[in-house]
A.B. asks: 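Here it is: the structure, laid out below.
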Amino acid sequence: MVAAVRLNYQDELNPEQCRAVETINGPVLIIAGAGSGKTRVITYRISNMLAAGVPQSAILALTFTNKAAREMALRVRELVGRKLPSLVVSTFHAFGVRILREQIHRLGYRDNFSIYDTHDQMSLLRETAREIKFSLDNVDLYATLTAFSRIKSGFTVWDDQTLPYQTLYNEYLSHMRLYNALDFDDLIQLPIRILSDFPEAAQEYCRRFQYILVDEFQDTSRQQYRFLHLLGAEHQNVCVVGDDDQSIYSWRGADYQNLMQFEADYPTFQEIKLERNYRSSDTILAAANGVIAHNTNRKGKNLWTGSNGGSPIELYHPEDERAEAAFICERIKTLAIKEKLKYHDIGVLIRTNNLARALEEGFLAEKIPYRMSGGESFFQRREIKDLISYMRLCANPDDDISLLRVMNTPRRGVGRKTLEVLQELARVQSISLFSAMHAAAAAEDSPLSQRVRSDLAEFINLIEGYRTRLLSGRRMAETLTALIAEIDYWAHLVSEHQRNDKVAKWKFRNIELFIDIVRAYETDPDNLDRGLFQFLNRITLQLRDDIEQDDDKGKVNLMTIHAAKGLEHEVVFVAGVENGIIPHARAIEENEANIEEERRLFYVAITRARRKLYLTSCRRRKVMREVIECAPSPFLEEIPAELVQFSEIDVTVEQSEAADYFALMKAKFARSAT
DNA sequence: TAGGCCAAGATTTTC
DNA sequence: TCTTGGCCTA
């Protein structure tokens with residue numbers, strides 16, 4: 001099997017790709033343009049390493065999203081034809097968790113830490129503010145968290161703007177610490193600390209992971225780069241694969257300057273450019289090239305296809321978002337019937353999640369099966385989060401945020417008064433709420449009534465009982481079923497939705513689905529790392545990932561452009577190609593230089609298409625409650641005109657008006673350029 | 001203490 | 001517009 005792989009790949013890959021596959025030792029920088037067969041190269045490279053005798057446990061492949069990690073692991077397994085239990089393919093964050101689970105005691109945390117997502121962080125911030133009487137009026141919690149994150153990761157320092165929040169920040173951090181909770185930044189930050197402060201730990205990982213491969217390198221943050229750098233310090237076998245034109249995560253700290261940093265840090269690096277595009281038609285690629293050429297800050301690259309022609313890009317200006325949805329549905333149906341295209345070969349891309357709504361309504365009305373990836377995930381749903389919070393509290397009783405959530409779901413008669421007493425006790429003694437409950441329930445002289453204290457004791461018993469059962473690590477699904485029965489979650493749902501028992505039923509069905517997921521996790525023979533903590537970590541890190549469904553074949557893929565990165569479809573629709581959406585008004589508002597990233601985003605969207613690309617740009621759109629006039633995205637103008645065809649529906653008026661508009665835009669640009 | 005009512009916020013993208 | 005969280009009252 002392995003030998004076959006060795007013989008074969010030369011026939012399947014072009015010379016540059018071969019070089020990328022064969023250059024195993026030393027630092028390597030692979031610049032891989034869109035559609036240049038990057039995934040194939042990576043998978044072949046790994047299997048080539050295995051064939052060359054590198055043990056699987058010595059290879060570490062890091063990606064950016066869960067989807068990419070899963071995909072890569074799957075492809076390698078398929079190619080090699082066997083399971084690779086010791087090969088580590090993981091996201092940076094998940095890999096951070098892996099190190100922390102083994103090493104976090106060095107930093108004085110306990111290894112049953114909770115991971116807080118943005119939601120949890122916001123709750124904690126609210127709680128903290130309340131506690132120290134910090135007024136949050138007119139405070140943008142989200143922005144505050146972003147600022148905290150930047151300070152924490154050393155991106156910025158305190159300034160006049162942020163200084164007033166310093167006490168809040170410190171208090172927030174000490175709470176995180178008290179609750180034994182980590183946020184996403186910590187998952188990178190703390191491993192860095194471990195690797196740099198504890199040489200014996202660093203050595204362990206450096207020795208083990210002799211070969212490191214990073215996909216989507218352009219999206220790594222400075223912190224992640226540092227992490228990577230520390231891991232590869234000893235052996236220097238670091239291979240990074242990226243494309244500066246597809247860097248679309250700068251808002252999350254991605255820094256494409258890491259490419260330059262890499263070159264400086266590894267002067268002996270070999271560079272390999274993959275410039276031949278195997279995915280898109282010539283037309284589509286020419287459009288993409290035309291657009292991206294407007295960016296100034298690029299590492300030059302010249303993508304080519306080696307083929308000719310392709311059907312033109314179709315541009316349509318619907319009246320509003322409903323007409324847009326109708327148009328897309330109509331085209332999808334035609335494609336399905338006339339060209340025998342499968343629904344799953346079609347991608348509908350949007351800039352923001354809220355654009356999905358009208359499209360979803362359209363799909364439902366036209367009975368087109370679809371799936372939406374991204375958006376509110378299953379695990380974010382309320383009923384699921386309730387259950388997860390119970391699990392988290394069992395895993396880590398000091399997790400106050402989970403405790404607060406669970407405490408009164410269902411209602412347990414613990415009111416504000418009681419909570420205040422407990423919180424005060426916790427604050428004074430610097431202990432968690434759960435410990436405070438313990439103390440209060442046992443104390444003779446507690447200000448709490450006998451009844452309340454026995455309620456608390458009952459709650460403590462409930463949690464501790466299930467804690468033991470869940471920690472035993474076996475039959476979690478059954479244990480959860482028992483828990484749900486014991487707290488009578490069903491009655492809770494019914495009382496929460498008295499007017500609408502359908503909702504209650506649906507939510508309960510979700511709970512059952514969740515338990516199925518737990519069961520699948522427990523009984524998966526490939527899963528060697530079962531257990532409550534592992535499960536919870538996995539869930540938290542996969543918040544946005546939807547559950548893999550077997551029946552996803554045969555469904556149109558509706559997703560954000562960000563989620564579409566790394567994927568491809570025969571036919572792609574990009575909806576809402578309007579000024580203010582792509583480029584997004586907020587992004588530009590923030591910083592005008594962001595226009596380049598927005599353009600890259602558009603570039604990514606275009607290059608997802610293999611054969612045919614449709615772009616739609618509404619003239620009006622309902623935003624919130626009002627209807628606003630929309631102008632086409634300025635990026636449309638950057639597509640060479642000869643590649644574009646206006647859609648036949650409503651052609652007459654449309655075209656002349658659009659032409660007028662473009663003339664206007666052109667004039668505007670000419671002016672601003674001088 | 002719990003349920004109902006009112007007001008405010010909605011965040012661009014993800015781990 | 002719709003949901004969610006906070007506040008007030010019974």
Side-chain angles (χ1 to χ4, degrees), chain A residues 62-69 90-97 115-119 121-123 126 130 136-146 149 153 182-189 216 219-221 223-224 247-254 349-357 373-377 379-380 382 408 410-419 449 451-452 455 495-496 498-499 503 537-545 559-565 576 580-590 594 597-598 600-602 604-605 622-627:
Chain A
L62 292 173
T63 65
F64 199 62
T65 62
N66 290 302
K67 206 180 227 165
S90 146
T91 63
F92 273 95
H93 288 87
F95 186 65
V97 170
I115 301 171
Y116 279 7
D117 65 19
T118 322
H119 245 88
Q121 287 181 299
M122 293 227 243
S123 315
R126 264 191 224 110
R130 186 198 301 243
L136 286 179
D137 295 344
N138 303 320
V139 170
D140 183 339
L141 276 185
Y142 193 81
T144 311
L145 277 177
T146 312
S149 154
S153 49
L182 309 179
D183 60 24
F184 283 126
D185 294 325
D186 292 327
L187 301 185
I188 307 297
Q189 201 78 349
E216 305 287 6
D219 286 327
T220 51
S221 68
Q223 302 301 317
Q224 288 166 332
S247 164
I248 54 175
Y249 282 98
S250 75
W251 50 274
R252 231 188 81 179
L349 308 189
I350 48 183
R351 171 70 228 265
T352 64
N353 279 307
N354 59 7
L355 299 181
R357 195 174 214 159
S373 39
E376 197 197 44
S377 93
F379 299 119
Q380 303 266 41
R382 227 198 180 142
N408 276 316
R411 306 242 172 245
R412 239 176 228 108
V414 178
R416 197 170 53 211
K417 228 5 278 189
T418 311
L419 266 181
S449 73
R451 213 200 86 221
V452 170
D455 282 350
S495 75
E496 288 273 292
Q498 287 174 357
R499 289 192 206 133
V503 175
N537 289 341
R538 185 138 119 186
I539 295 279
T540 318
L541 292 175
Q542 299 211 351
L543 266 187
R544 316 262 336 174
D545 256 27
M559 62 183 102
T560 63
I561 302 175
H562 282 89
K565 191 160 78 150
I581 295 182
I582 324 178
H584 199 276
R586 269 181 105 109
I588 303 299
E589 205 177 291
E590 206 172 83
N594 284 342
E597 176 147 325
E598 295 292 310
R600 288 194 291 269
L601 206 43
F602 189 50
V604 168
K622 204 160 117 197
V623 181
M624 304 284 179
R625 70 183 141 214
E626 53 190 344
V627 176

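Side chains are part of it too, since the values below use all heavy atoms of this structure and drop only hydrogens, waters and symmetry mates. Just so it is clear, the model here is predicted, and its values are computed rather than measured. Quick note on labels: first sequence line is chain A, next is B, and so on, each numbered from 1.
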A.B. asks: Is the aromatic ring of A:Trp251 within stacking range of B:dT13, meaning centres under 5.5 angstrom and planes under 30 degrees?
C.D. replies: yes

A.B. asks: Rounded to the nearest Å, what distance is computed from the CG atom of residue A:Asn354 to the C1' atom of nucleotide C:dC2?
C.D. replies: 13 Å

A.B. asks: Rounded to whole Å, please give me the gap between NE2 in A:His562 and P in B:dC15.
C.D. replies: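 Whole-Å distance recorded here is 11 Å.
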
A.B. asks: Mind checking the CG-NZ spacing from A:Leu349 to A:Lys565? Nearest 0.5 Å is all I need.
C.D. replies: 14.0 Å

A.B. asks: Using atom P of each nucleotide, how far apart are C:dT4 and B:dT11 to the nearest Å?
C.D. replies: 11 Å

A.B. asks: Students often get this wrong, so: under 4.0 angstrom with heavy atoms, is A:Thr418 touching a base, only sugar-phosphate, or nothing?
C.D. replies: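 The residue A:Thr418 makes sugar-phosphate contact but no base contact.
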
A.B. asks: Ignoring the backbone of A:Met122, work out which of B:dC15, B:dT14, B:dT11 is nearest its side chain.
C.D. replies: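 The nucleotide sitting nearest to the side chain is B:dT11.
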
A.B. asks: Can you check the A:Ile581 CD1 to B:dT13 P distance for me, whole Å?
C.D. replies: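 It works out to 12 Å between those atoms.
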
A.B. asks: In terms of side-chain heavy atoms, does A:Asp185 have a donor or acceptor partner in A:Ser149 at a distance below 3.5 Å?
C.D. replies: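 Yes, a side-chain donor-acceptor pair sits under 3.5 Å.
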
A.B. asks: Looking at A:Ile248, is its backbone amide N or carbonyl O close enough to the side chain of A:His562 to form a donor-acceptor pair, meaning the two atoms are under 3.5 Å apart?
C.D. replies: yes

A.B. asks: To the nearest angstrom, how far is A:Leu145 atom CG from B:dT14 atom C1'?
C.D. replies: 15 Å

A.B. asks: Hey, does A:Phe92 reach any base, or is it just sugar-phosphate, or nothing, if we go heavy atoms under 4.0 Å?
C.D. replies: nothing

A.B. asks: Nearest-nucleotide wise, let me know which of A:Arg451 and A:Thr91 is further upstream toward the 5' end of DNA chain B.
C.D. replies: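 The answer here is A:Arg451.
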
A.B. asks: Taking atom CG of A:Leu541 and atom OG1 of A:Thr91, what is their separation to the nearest 0.5 Å?
C.D. replies: 6.0 Å

A.B. asks: A:Arg382 has a side chain; which of C:dG5, B:dT14, B:dC15 sits nearest to it?
C.D. replies: C:dG5

A.B. asks: Between A:Thr560 and B:dT14, is there a side-chain N or O to OP1/OP2 distance below 4.0 Å?
C.D. replies: yes

A.B. asks: Can you tell me which nucleotide in B:dT13, C:dG6, B:dC15 comes closest to the side chain of A:Asn353?
C.D. replies: B:dT13

A.B. asks: Just how far, in rounded Å, is P of B:dT14 from CD1 of A:Ile248?
C.D. replies: 9 Å

A.B. asks: How close or far is atom C1' of B:dT13 from atom CD of A:Glu598, stated in whole angstroms?
C.D. replies: 9 Å

A.B. asks: Does a side chain donor of either A:Ser250 or A:Glu597 reach within less than 3.5 Å of an acceptor in the other side chain?
C.D. replies: yes

A.B. asks: Taking CG from A:Leu355 and C1' from B:dT13, how many angstroms apart are they, rounded to a whole number?
C.D. replies: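 My rounded result for the distance is 12 Å.
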
A.B. asks: Quickly work out the A:Asp117 CG to B:dC15 P distance and round it to whole Å.
C.D. replies: 12 Å

